[in-house]
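Structure record follows, encoded as structure tokens.
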Amino acid sequence: MTKDLAAHTIELKLTDPPPPELAVGADVVLKVAVWCPSGCDLRGLPVTVTDQDGVLLASGLAAGDCAGRDSAEIALQAPRRLGEFVWTVHGPAHQTAAVRHEGSTLAIAFRTLPQGTSLAVWDIPSPVVTGARFAIKVGAKSAAGQELRGARIEIRDDTGATVAQSMLGGTPWPDTSALYWTEVELSAPAHEGLGAWRATFAASELELPHDASSSTFSVAVVRPPEHRLTVKVVERETANPVENAIVRAGAFRATTNPGGLAQVAMPKGTFDLAIWKVGYEAPVRTVVIEDDMTVEVEVLTLPEEDPDAVWTM
């Protein structure tokens with residue numbers, strides 16, 4: 001006479017459920033606890049994962065903890081296209097001499113999102129002369145680390161019109177892992193003021209779906225220089241020249257040499273002249289440029305702060 005088999009169930013649970021939204025192509029590890037509520041040892045039981053079409057994606061082995069605390073770790077990759085998907089985890093039927101375990105399934109529904117991108121603009125000159133050509137550097141990076149060689153960068157003006165474009169080069173920027181970059185030439189507007197542009201990376205040409213990204217930048221646009229302003233910066237008490245002081249007259253900048261001198265090519269006009277260096281102080285003054293001119297600016301050495309002064313009563 002054949003002895004009837006005891007009927008048990010297989011329980012499945014995700015101990016670390018994946019988020020409901022996954023980036024396309026992202027690596028995913030499913031941690032699946034597999035156990036029998038009656039305490040049967042299920043160690044080594046194969047656990048499989050299929051997609052919504054029943055195609056086998058990956059498999060693993062049950063760890064076999066009777067309380068479901070241990071997990072089978074199954075490595076997968078999110079689909080490389082956008083959409084809504086369902087993965088199904090299978091704990092197959094299992095039979096021993098005395099027990100038959102009914103199979104069990106667990107569905108995981110999710111949708112995929114584009115990978116992110118980031119865009120950077122640097123080496124922006126300022127000021128630039130009206131109508132002059134100038135160059136900037138633009139770099140893009142994929143959150144997935146995808147190679148972006150040959151991807152298109154566009155520069156648009158404040159009306160949204162494309163005024164320049166370039167292709168990303170094949171070598172990432174030094175000391176970065178995946179910042180692909182290019183140099184783009186632009187023309188400054190014919191009128192002075194603040195010129196604004198937007199660098200855009202559509203990412204539509206990439207095999208793996210990515211989000212677009214953009215970055216705005218601006219440049220001070222000035223009239224062509226007509227005269228030369230020479231600024232000499234000296235320390236007020238000693239009359240010693242001050243080196244490496246930043247001289248700023250409106251949008252124009254220069255740095256003093258060891259003799260305390262800085263020269264700036266400028267158009268006619270009235271400008272605020274400011275001097276800056278750590279440890280020194282000088283009031284802002286107004287200069288009127290009508291011809292070549294030289295200005296001497298005295299700066300005051302600031303006293304060092306006494307760390308014990310706060311305790312002095």
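Note that the coordinates shown come from a computational prediction; the quantities given were computed from them, not determined experimentally.
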When you measure from the side chain of T112 to the backbone N and O of G83, does any donor-acceptor pair fall under 3.5 Å? yes
If you group Ile, Leu, Val, Met, Phe, Trp and Tyr by side-chain heavy-atom gaps below 4.5 Å, do V34 and L61 land in one group? no
So, taking the atom named CD1 in I275 and the one named CZ in R285, what distance separates them when rounded to the nearest 0.5 Å? 8.5 Å
Give the cluster check for L57 versus V89: same hydrophobic cluster or not, with ILVMFWY residues linked at side-chain heavy-atom distances below 4.5 Å. yes
List the steps and the verdict of side-chain contact (heavy atoms from CB on, under 4.5 Å) for V247 and T256. CA-CA 7 Å; V247 175; T256 57; 3.9 Å; yes
What distance do S118 atom OG and L179 atom CG have between them, rounded to the nearest 0.5 Å? 7.0 Å
When rounded to the nearest 0.5 Å, the distance separating OG1 of T255 from CZ of R248 is 12.5 Å
Report all side-chain donor-acceptor pairs from residues 132-144 shorter than 3.5 Å, counting only partners two or more places apart or in another chain.
residue : atom : partner : partner atom : Å
R133    : NH1  : S187    : OG           : 2.8
R133    : NH2  : E185    : OE1          : 3.2
K137    : NZ   : D123    : OD2          : 2.9
S142    : OG   : A144    : N            : 3.0
S142    : OG   : G145    : N            : 3.3
S142    : OG   : Q146    : N            : 3.3
S142    : OG   : H210    : NE2          : 2.8

Might you confirm whether atom CZ of R223 has over 12 heavy atoms from other residues, nucleotides or ligands at distances under 6.0 Å? yes
Is a side-chain N or O of E226 found less than 3.5 angstrom from the main chain of P267, in a donor-acceptor match? no
L273, I246: one ILVMFWY side-chain cluster at the under-4.5 Å cut-off? no
Atom CG of D158 and atom OG of S218: how far apart are they, to the nearest 0.5 Å? 11.5 Å
Do I108 and V32 share a hydrophobic cluster (ILVMFWY, side-chain heavy atoms under 4.5 Å, transitive)? yes
side-chain contact (heavy atoms from CB on, under 4.5 Å) between F110 and E21: does it pass, once the steps are laid out? CA-CA 6 Å; F110 64 94; E21 296 178 332; over 6 Å; no
Could you tell me whether the side chain of P37 reaches within less than 4.5 Å of the side chain of E11, counting heavy atoms only? yes
Considering only residues two or more places apart or on different chains, which pairs with a residue in residues 211-253 satisfy ring pair (Phe, Tyr, Trp, His ring centres under 6.0 Å)? W197-F217
All N/O donor-acceptor pairs, side-chain side in residues 286-296, below 3.5 Å, sequence neighbours left out:
residue : atom : partner : partner atom : Å
D292    : OD1  : R228    : N            : 2.8

Residue pairs, two or more places apart or on separate chains, that pass ring pair (Phe, Tyr, Trp, His ring centres under 6.0 Å) and touch residues 145-187: W122-W173, W173-W181
When rounded to the nearest 0.5 Å, the distance separating CG of D211 from OG of S204 is 12.0 Å
Can you tell me if NZ on K277 sees more than 12 non-hydrogen neighbours from other groups inside 6.0 Å? yes
Could you tell me whether the side chain of E235 and the main chain of E237 form a donor-acceptor pair under 3.5 Å? yes
Taking salt bridge (charged side-chain N to carboxylate O under 4.0 Å, His left out) as the test, write out the residues that go with R152, two or more places apart. E205
Determine whether L206 and L148 satisfy the following criterion, side-chain contact (heavy atoms from CB on, under 4.5 Å), listing intermediate values before the conclusion. CA-CA 8 Å; L206 302 181; L148 302 182; 3.7 Å; yes
Can you see whether E192 engages T130 through a side-chain donor-acceptor pair at a distance of less than 3.5 angstrom? no
Check the pair T88 / V49 against side-chain contact (heavy atoms from CB on, under 4.5 Å), numbers first and verdict last. CA-CA 5 Å; T88 303; V49 180; over 6 Å; no
Partners of L300 by side-chain contact (heavy atoms from CB on, under 4.5 Å), sequence neighbours excluded? R236, E281
Pairwise distance NZ(K232) to CD(Q263) - rounded to 0.5 angstrom: 13.0 Å
Might you confirm whether atom CD of E84 has over 12 heavy atoms from other residues, nucleotides or ligands at distances under 6.0 Å? no
Results of ring pair (Phe, Tyr, Trp, His ring centres under 6.0 Å) for H94 - residues two or more places apart only: H101
Other hydrophobic cluster members with V24, side-chain heavy atoms of Ile/Leu/Val/Met/Phe/Trp/Tyr under 4.5 Å, chained? L82, L208
Return the set of residues passing salt bridge (charged side-chain N to carboxylate O under 4.0 Å, His left out) with E102 (not counting sequence neighbours), or none when no residue passes. R100
By the ring pair (Phe, Tyr, Trp, His ring centres under 6.0 Å) test, which pairs, at least two apart or in different chains, include something from residues 271-295? none
Can you list, by chain and residue number, the hydrophobic cluster partners of V29 when the side-chain cut-off is 4.5 Å? none
V163 side chain reached by L186 side chain, heavy atoms, under 4.5 Å: yes
Would you say the side-chain atoms of T117 and S213 include a donor-acceptor pair closer than 3.5 Å? yes
Are the side chains of L76 and L30 in contact, using a 4.5 Å heavy-atom criterion? yes
Hydrophobic clusters here meaning ILVMFWY residues chained together by side-chain heavy-atom distances under 4.5 Å, can you tell me if V264 and V221 are in one? no
Results of side-chain hydrogen bond (donor to acceptor under 3.5 Å, both in side chains) for T182 - residues two or more places apart only: S166
Main chain of A164, side chain of T162: is a donor-acceptor contact present, judged purely on distance under 3.5 Å? no
Step through the shown structure and confirm whether more than 12 heavy atoms of other residues, nucleotides or ligands are within 6.0 Å of CG on D53. yes
